[in-house]
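Note sheet for the following structure.
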Amino acid sequence: MRNCVRQLAASLGFGVLDATRVMTAAVELGRNTLIHGEGGHMQAAIIMQRNTKGIRLDFEDTGPGIPDIDLALTDGYTSKNGMGLGLGGAKRLVNELTIVPLAPRGVRVRAISWLDRN
């Protein structure tokens, strides 16, 4: 997953810092998908909006879900034994992060990083 995101970032011309940010977010969201979501999958794509290119990462699982998304994004909150920095940290590393509960179980997380957009 890390290599896939690194290759996409390089192909778009992301600088080292921005590529590292999106790769770090991908690793954290992937880890959450495996541990909290009990497995799942990721799709990565190059996207374009108003002449700006970006990377979209979609993570989906069929785990127990996130009962309180706002709480889960709060630094220090953890549902397991982690540090509670995962979702909030990932949100800070990308330009856009959306979390959508799936029925009857699971979560879809979409992270977008734009090239040269703060």
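Annotation: the span from R56 atom CZ to I47 atom CD1 amounts to 6.0 Å, rounded to 0.5 Å. If you take CG on D58 and NE2 on H41, they are separated by 8.0 Å, rounding to the nearest 0.5 Å. Between atom CG of residue N95 and atom OG1 of residue T52 there is a gap of 10.0 Å, rounded to the nearest 0.5 Å. How far CG of L71 is from CD1 of I66: 10.5 Å, rounded to the nearest 0.5 Å. Here K53 contributes atom NZ and D116 contributes atom CG; the two are 11.5 Å apart, rounded to the nearest 0.5 Å. In this structure, CG on L115 lies 7.5 Å from CG on D18, to the nearest 0.5 angstrom.
The shortest non-hydrogen separation linking V22 to A9 is CG1-CB, 4.5 Å. Smallest separation of non-hydrogen atoms from R2 and M23: O-SD, 3.9 Å. Looking at every heavy atom in both residues, A44 comes nearest to L8 through CB-CD1, 3.6 Å. The minimum heavy-atom distance between A26 and L57, with the atom names listed, is CB-CD1, 3.7 Å. Summarising the geometry of L97 relative to A111, their closest heavy-atom pair is CD1-CB, 3.9 Å, with the distance given to 0.1 Å.
Side-chain heavy atoms closer than 4.5 Å link hydrophobic residues (I, L, V, M, F, W, Y) into clusters, and following such links, even through other members, never connects L93 to F14. Connection of I46 to M42 is established within a shared hydrophobic cluster, with ILVMFWY side chains joined at heavy-atom distances below 4.5 Å, either directly or through further cluster members. When the side chains of ILVMFWY residues are joined at heavy-atom separations under 4.5 Å, either directly or via intervening members, L29 and I99 end up in a single hydrophobic cluster. Using a 4.5 Å cut-off between side-chain heavy atoms of Ile, Leu, Val, Met, Phe, Trp and Tyr, with links allowed through other members, L102 and V107 fall into different hydrophobic clusters. Residues M1 and L34 fall into different hydrophobic clusters, defined by Ile, Leu, Val, Met, Phe, Trp and Tyr side chains chained together at heavy-atom separations under 4.5 Å.
For R105 and E38, the salt-bridge test passes: some basic side-chain N is under 4.0 Å from an acidic carboxylate O.
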Derivation and outcome, side chain to side chain contact (heavy atoms under 4.5 Å, CB included), residues R21 and L17
CA-CA 6 Å; R21 285 181 178 141; L17 182 58; 3.4 Å; yes
Working note: V94 + I55, criterion side chain to side chain contact (heavy atoms under 4.5 Å, CB included); need CA distance, chi angles, decisive distance, verdict.
CA-CA 10 Å; V94 297; I55 298 172; over 6 Å; no
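No donor-acceptor contact under 3.5 angstrom links the side chains of W114 and Q49, judged on distance only.
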